[in-house]
Amino acid sequence: MRRLLLISCMMTATTPVFAQTIDAKGADELARTLSRYFGKTAIEKKILTVVPEADNYRVTFSTAKLLESLPKQDFFKGDFGEYSLLTKPLADGSWNVTSTAMPGGSIETTTPTGRESVQWSIDNANVSGIFDPKIGTFSKGSFSYGSFKMKSTSPTQDVDASANSAKGEFVGAAAAAGGVDVSNIQSAVDFQETMVIKTPPPADGTSTDGSAAAPPSAPAEALKVVIRGAELGVNAEGKGVRNLELLDLWAFFIAHSQEMKLKDTEQAELKTKLLAALPLWDKLSGAYHLADLGVETPLGAFAAKNISQELNFDGISKDGKYQYALRTNGLKYPALPIPEWSVQFLPTDVELAFGTEGLDLDTIAKAAIADMDLNREKPFSDEFEANTATAFMINPPKLVINKSLVRTADTELTVEGEVSFVAMKPESRTTWEMAGFDAALDRLTKASEQQPEIKDYIVFAKLAKDFGAQLPNGHIQWIVDQKADGSVNINGNPVKGPDPVVEPGSDDTLDGGVTLDDNVINPDAQEDDQTDTPPAQ
């Protein structure tokens, strides 16, 4: 469904301003323009049609015609019906776009494990927006639908999913520094997904040597998991997206899709268009959240007040930053088969955030474009691949741990820091901070009265506290420095010295630099040390 909606957006994303009169000539002109992005075959075979309808043009995409145009095969079957929209040129050069349907359909595939199928439907849909050819996207738009349903079946898993009352808004505008700034907000309520995980079908009754095998055992009971969420939300934002350049690049691929080889002039044109599309975007971010999550499993019901993911990507640049975060808050658990004392150590909140900095994709991308030759057996030369690997080893990106935490009923542990590489050896500095350390230690001490084996954990906990620094707020902090030579300091105190330096080819090394020490058995020792001790009888 989403792919077809994107296709419909691209249909209008490239249309020039025609005369305001709606007639067959204007429909033909619009169809020819769309053929630049979908190919002439799509128009000739009626996969894509444009006809006048009152004061609009109706653009229709037929999946049935598309499937008819594909080579005959038995692997895939599909039925998506037709998807159409109405578009009307406005006086300012923009286009009004509306649709009262989002496509439903079904897919069936045959796999080595059996038949798989997916069916989906969307009710009471409405899409509207204003498309601006000057930026190649919608200056504003919105959509809504009453309900969404999806059902899939396979030999190993069945899934039923649904959501209600979805809506979304889209805004786009030209960016001052080039490209387009876009934002998209979507939400749906009453999300539910039921998964039934089944035992794989048994193999046939023949063993590997051809003899009759023992009859298969009875299949295990299917595992059922139900996921519910009060609200599912998605936010996306792009800064400086090179939308027009990317559409122009797509049109080039469509125009040359039937060619086995590109002429030198065509390759030069392609490289020019690839360079023009860089850096693809300046900033790209996306996030989703699921509120009031509930998960029913055979172990019981798990819950979370909120779960979310966030992505933040620079475009292709010399000093790119790419970050990811996962946050889960308000975790609740059923009665689990674990010791009672450990229940209070289960996390109530988990937040993980990390990424990279200093990633030079600009140099690599431009070098790849310069080296590329699509008429070679290998589009990229061995020299380019070797130079790229060497450059990465010389100047690898830095790994960054943004402030992350694990919170329990008594404690909160946070960590942040960074990891860099010196001659491909890691060098890191991380700061760990814990609140509620003494409360956790007291809980362990009380538990050890009933379970003495816990005292082993208490020894390590007290040792960790001794290495830590007491902060004014009562927290304990550990600043851990690991050097490229293998040495480790905690709060400035050495806890591990540098790794031994072994000269290549020395008597204490094996092939590949493996060190022999007193704890390693030399397999040649028995041959060199011939004694009179008789072998055991």
Side-chain angles (χ1 to χ4, degrees), residues 3 6 10 13-14 36-39 135-137 175 177-182 236-286 311-324 354-400 418-426:
R3 290 181 180 178
L6 292 174
M10 187 182 290
T14 53
R36 184 185 175 204
Y37 300 89
F38 290 90
I135 60 175
T137 189
V180 182
D181 291 343
V182 295
E237 185 176 48
K239 297 290 186 182
V241 180
R242 303 306 193 261
N243 203 48
L244 291 173
E245 292 81 0
L246 289 171
L247 288 171
D248 193 33
L249 185 60
W250 175 256
F252 178 89
F253 287 127
I254 292 297
H256 299 87
S257 60
Q258 302 301 317
E259 298 179 20
M260 299 300 295
K261 287 189 175 183
L262 293 179
K263 300 176 182 178
D264 290 344
T265 54
E266 292 170 340
Q267 290 221 59
E269 181 184 359
L270 173 59
K271 292 184 178 186
T272 299
K273 293 182 183 296
L274 287 169
L275 290 171
L278 297 180
L280 305 184
W281 56 77
D282 296 331
K283 300 283 184 182
L284 190 66
S285 62
L311 295 167
N312 291 279
F313 292 159
D314 285 352
I316 294 177
S317 65
K318 286 188 173 294
D319 187 21
K321 296 181 180 180
Y322 306 89
Q323 299 173 320
Y324 171 81
F354 54 89
T356 64
E357 291 184 359
L359 185 56
D360 183 2
L361 294 180
D362 179 76
T363 300
I364 295 175
K366 290 179 178 177
I369 293 171
D371 180 80
M372 181 183 67
D373 184 348
L374 297 181
N375 293 330
R376 289 191 303 229
E377 183 178 356
K378 289 180 59 177
F380 302 103
S381 66
D382 293 338
E383 181 182 7
F384 163 75
E385 293 177 356
N387 289 341
T388 300
T390 300
F392 182 83
M393 293 177 67
I394 294 174
N395 186 30
K398 181 190 299 182
L399 303 181
V400 177
E418 59 185 39
V419 182
S420 56
F421 295 88
V422 179
M424 295 307 293
K425 293 185 177 181

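By convention here, the first residue in the shown sequence is residue 1. A quick note: this is a predicted structure, and the numbers were derived from the prediction, not measured.
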Exercise. How long is the gap from CD on Glu418 to CD on Glu357, to the nearest 0.5 Å?
Worked result: 7.0 Å
Problem set entry | Distance-minimising heavy-atom pair for Pro426 and Val419 | CB-CG1, 4.2 Å
For this session: Using the test side-chain hydrogen bond (donor to acceptor under 3.5 Å, both in side chains), find all partners of Lys283 that sit at least two apart in sequence or belong to another chain.
Result: Asp314
Problem set entry | Pairwise side-chain contact, Asn243 with Ile135, heavy-atom cut-off 4.5 Å (strictly under) | no
Exercise. Does atom NZ of Lys378 have more than 12 heavy-atom neighbours from other groups under 6.0 Å away?
Worked result: yes
Exercise. Is any side-chain heavy atom of Pro397 closer than 4.5 Å to a side-chain heavy atom of Phe421?
Worked result: no
Problem set entry | Lys318 and Thr363, any side-chain heavy atoms less than 4.5 Å apart | yes
Exercise. Got Lys366 and Ile369 here, is their nearest side-chain heavy-atom distance under 4.5 Å?
Worked result: no
For this session: Assess whether atom CD of Gln258 is packed by more than 12 heavy atoms of other residues, nucleotides or ligands within 6.0 Å.
Result: no
For this session: Starting at OG of Ser420, measure out to NZ of Lys398 and round the result to the nearest 0.5 Å.
Result: 6.5 Å
Exercise. What do the steps show when you test Asp248 against Arg36 for side-chain contact (heavy atoms from CB on, under 4.5 Å), and what is the final call?
Worked result: CA-CA 10 Å; Asp248 193 33; Arg36 184 185 175 204; 2.8 Å; yes
Exercise. Is Asp282 paired with Lys239 through a side-chain N to carboxylate O contact shorter than 4.0 Å?
Worked result: no
Problem set entry | Separation of Leu249 CG from Thr272 OG1 (nearest 0.5 Å) | 11.0 Å
Exercise. For the residue pair Tyr37 and Ala251, what are the closest heavy atoms and their distance?
Worked result: CE2-CB, 3.7 Å
Exercise. For atom NZ of Lys271, is the number of surrounding heavy atoms from other residues, nucleotides or ligands below 6.0 Å larger than 12?
Worked result: yes
Exercise. Closest approach of Phe380 and Glu385, non-hydrogen atoms and distance?
Worked result: O-OE2, 3.9 Å
Exercise. Does any N or O in the side chain of Tyr324 come within less than 3.5 Å of the main-chain N or O of Asn312, such that one atom is a donor and the other an acceptor?
Worked result: no
For this session: Go through the steps to decide whether Val241 and Thr137 satisfy the test side-chain contact (heavy atoms from CB on, under 4.5 Å), and finish with yes or no.
Result: CA-CA 11 Å; Val241 180; Thr137 189; over 6 Å; no
Exercise. Could you state the interatomic distance from NZ (Lys273) to CH2 (Trp250), rounded to the nearest 0.5 Å?
Worked result: 14.5 Å
For this session: Decide yes or no for Asp373 and Gln267: does some side-chain heavy atom of the first lie under 4.5 Å from some side-chain heavy atom of the second?
Result: yes
Exercise. What closest approach, in Å, do Tyr322 and Leu359 show between heavy atoms, and which atom pair accounts for it?
Worked result: CE1-CD2, 3.7 Å
Problem set entry | Spatial distance of atom CG (Leu278) from atom CG (Leu246) [nearest 0.5 Å] | 9.5 Å
Problem set entry | Distance-minimising heavy-atom pair for Pro279 and Arg242 | CD-NH2, 3.4 Å
Exercise. How long is the span from the CG atom in Leu274 to the CE atom in Met372, to the nearest 0.5 Å?
Worked result: 5.0 Å
For this session: Output all residues satisfying side-chain contact (heavy atoms from CB on, under 4.5 Å) with Asn387, sequence neighbours left out; order by chain, then residue number.
Result: Glu383
For this session: Could you tell me whether the side chain of Asp319 and the main chain of Gly358 form a donor-acceptor pair under 3.5 Å?
Result: yes
Exercise. Between the side chain of Asp181 and the main-chain N/O of Gly240, is any donor-acceptor distance below 3.5 Å?
Worked result: yes
Exercise. Is there a donor-acceptor pair under 3.5 Å between the side chain of Lys321 and the backbone N or O of Gly355?
Worked result: no
For this session: Flag the pair Leu280 / Phe313 as yes when at least one side-chain heavy-atom distance between them is below 4.5 Å, and no otherwise.
Result: no
Seminar exercise, completed: Tightest non-hydrogen contact, residues Ala276 and Glu245, listed as O-CG, 3.5 Å
Exercise. Within the side chain of Asp371, is there an N or O that forms a donor-acceptor pair under 3.5 Å with the backbone of Ser381?
Worked result: yes
